[in-house]
Amino acid sequence: MRAVVLETLGGPDAARLAEMAQPEGAHPMGIGGRLLIEVHAAGVSFPDLLRSRGEYQMRPELPFAIGAEAAGVVVEAPSDSPFAVGDRVAALTHWGAAAEFALAMPQHTLCLPDSMSFAQGAALYLNYATAWYALHRLDAQGGETVLVQGAAGGVGTAALEIACALGLRSLAIVSSDEKAAAAHKMGADEVLRSDAPWLEQARELTGGRGVQMVVDPVGGDRFVDSLRALAIGGRLAVVGFTGGAIPELKVNRLLLRNLTVCGVEMVQMDTEEPGTIQMVNDAVQALVDAGQIQPLIGSRFSLDDGAGALAALDRREAIGKVIVEVRSVV
Amino acid sequence: VSVRAAVIEELTGPDGLRVRDFPEPEGAHPRAEGKRLLVEVHAASVSFPDLLQSRGEYQISTAPPFVSGGEVAGVVIEAPADSGFAPGDRVAGMTIWGGMAERALAMPDFTVKLPDSMDFAHGAALWLNSATAWFAVERAAVKPGETVLVQGAAGGVGTAALEVLKDLGARSIAVVSSDTKEQAAREMGADEVVRSTGAWLEQVRELTGGRGVEVVLDPVGGDRFTDSLRALDVAGRLVVIGFAGGSIPVVKVNRLLLRNLTVTGIGLDPMDRRFPGTTARVSAAVVALAQRGALCPRIGARLPLEQGAEALRILDRREAVGNIVVEIRG
């Protein structure tokens, strides 16, 4: 089969279209047996870029195909799995999705309704599961206000859509006009610029009290202001550090204002509380089935330009998901 | 009318305290919104904020000369008609200052009726530590059967926390620094005791089947904070109560991320201003626990009023295990 293959850990330039054998057996991190997908679209994300340089701890032996998420049609499924041959599905694969066939992990695979394109399916699982779980851990209640950092990013846009579906009011923080437009499109109630006095604006927009919740996939210097943006009793979910720097928290900041900071990572949580992943899957599937999720596609690359997809991530220029179209009609 | 009182004449620490006649307080406690609740004091207790106030180092203070003493128990002499208190009631409550005197102004919102079964000396040490401990346990959402690590477990908040946890049916692991403190923690109901000077982190893991505890209650802060986070199981919660250890911990928030940890600050007063009724709920819970004998503060030292300065010096030397009570009436 054809695939975007890395034969060396040479970064984006090392990725090239090549023939490789169809995957055998089951995904090494999968639970429930061999689930093989005829891939129509692959999603490429930041871990793919790191993995191409050997900077991500979780990776297979070389050579391997890139692509952390796949959307396509099931060609082989275990008899006792909820999936059947011919089903349209969206799956987290970690790697291997930018290929004509890919192994999915049954525990991280959702059914893709006809109303959603394969390209959107390839942009679904990772961001939406993460964003939903973050809001779940924050115990978000309808009518509350959530501030979303990095709101035009993958997790950010997903958080905006899910906030909307949950009846939350959202304040999106973005860094450019283009990103502001994306945040509006994804349902942000208010859009604030990170280069403006967004903290004061957030307070004004909440009657001086501050927001009940912050979803933060960015980290970096803005973290302290995120805490300041919280109302008394407010909660902040640490989702990741796309801003690079890992914030340091002086814990007296939490004390008097009764703030809560929690880390959010559902796969680890599933080991402690089995059923967590299933709960997240069911919730995201319900939102998909109800038509409340429409992932934002940023750029599309053909299978012979997988390097271009990684390079776009490297330049941080993508707003929305970077997709590799594996079969022509996606 | 004047009363005998322990008066801070100048902000020079315990040496600035003289026991002398002082005018009986007029009007209402400045933080009681005009509600005059005058108490005939039988016992007062002093804690760390009293020592800081004697040096002008506490965030809440008044100008000298003022009467020292943050908590009292006694009998109501005058009460507002709508306060829920009447002359003759046995009460216990916070005064912030003014407690070490024959008469003191209390704050109705921070005063409770003393159960008949509890004497004034214990009553003087009841409210602040018990309310803090109960609120911390509530904010951590501790469930029966969970294991809770208590830092500074022989201190005022620590011992109250051990009692609250026992009543709730949670398992407690007390961290203490000496034989005397270990004995105090055991008396107050600790299920397990580990030494801060030993390999307590490893011991905590052993005591929890390698997993760690569900909750840490931390009134200490300082260098031990990172090990407190390490002592948590995946999805564990840590409540920041204060910094009796002096230094304010800084945490790199990636420590929270992968293990889904939650860090929460508590401060009853700001919470009540934002969510009125919080303090009343906490007070009712404390009284209910005291009434059924589940809360009985440990008294570490008893002194007569004439030795008010010595009460502060004992605090300064960190030598008392339990509350320091000053008996005003025999």
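First the proteins, then the strands, lettered A, B, ... as listed; each starts at 1.
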Mark yes when over 12 heavy atoms from residues, nucleotides or ligands other than [X] sit less than 6.0 Å from its [atom1]; otherwise mark no.
| X | atom1 | answer |
| --- | --- | --- |
| B:Asp223 | CG | no |
| B:Arg281 | CZ | yes |
| A:Asp221 | CG | no |

Could you tell me which portion of [X] (side chain, backbone, both or neither) has an atom closer than 4.5 angstrom to a non-hydrogen atom of chain A?
| X | value |
| --- | --- |
| B:Asp269 | neither |
| B:Leu238 | neither |
| B:Ile266 | both |
| B:Arg273 | neither |
| B:Arg211 | side chain |

What distance do [X] atom [atom1] and [Y] atom [atom2] have between them, rounded to the nearest 0.5 Å?
| X | Y | atom1 | atom2 | answer |
| --- | --- | --- | --- | --- |
| A:Arg253 | B:Ile248 | CZ | CD1 | 10.0 Å |
| B:Phe275 | A:Ile232 | CZ | CD1 | 8.0 Å |
| B:Leu256 | A:Ile246 | CG | CD1 | 11.0 Å |

TODO: Heavy atoms only: give me the nearest A:Gln268-B:Val234 pair and the separation to one decimal.
DONE: O-CG1, 3.8 Å
Open item on the list: So which atom in B:Ala235 and which in A:Met269 form the shortest heavy-atom distance, rounded to 0.1 Å?
Closed with: CB-CE, 3.1 Å
Open item on the list: With a 4.5 angstrom heavy-atom cut-off, is it the side chain or the backbone of A:Arg235 that approaches chain B, or both, or neither?
Closed with: neither
Open item on the list: Given heavy-atom pairs under 4.5 angstrom as the criterion, report whether the side chain, backbone, both or neither of A:Val239 touches chain B.
Closed with: backbone
Task: Residue pair B:Thr262 / A:Val261, side-chain heavy-atom distance below 4.5 Å - done: no
Open item on the list: If we ignore hydrogens and angles and just use 3.5 Å, is the side chain of A:Arg137 paired with the main-chain N or O of B:Asn260 as donor and acceptor?
Closed with: yes
- [ ] Determine the option with the most heavy-atom pairs under 4.5 angstrom with chain B, choosing from A:Arg257, A:Glu248, A:Met266, A:Glu273.
- [x] A:Glu248
Task: The single option from B:Val240, B:Val239, B:Thr264 passing side chain to side chain contact (heavy atoms under 4.5 Å, CB included) against A:Thr260 - done: B:Thr264
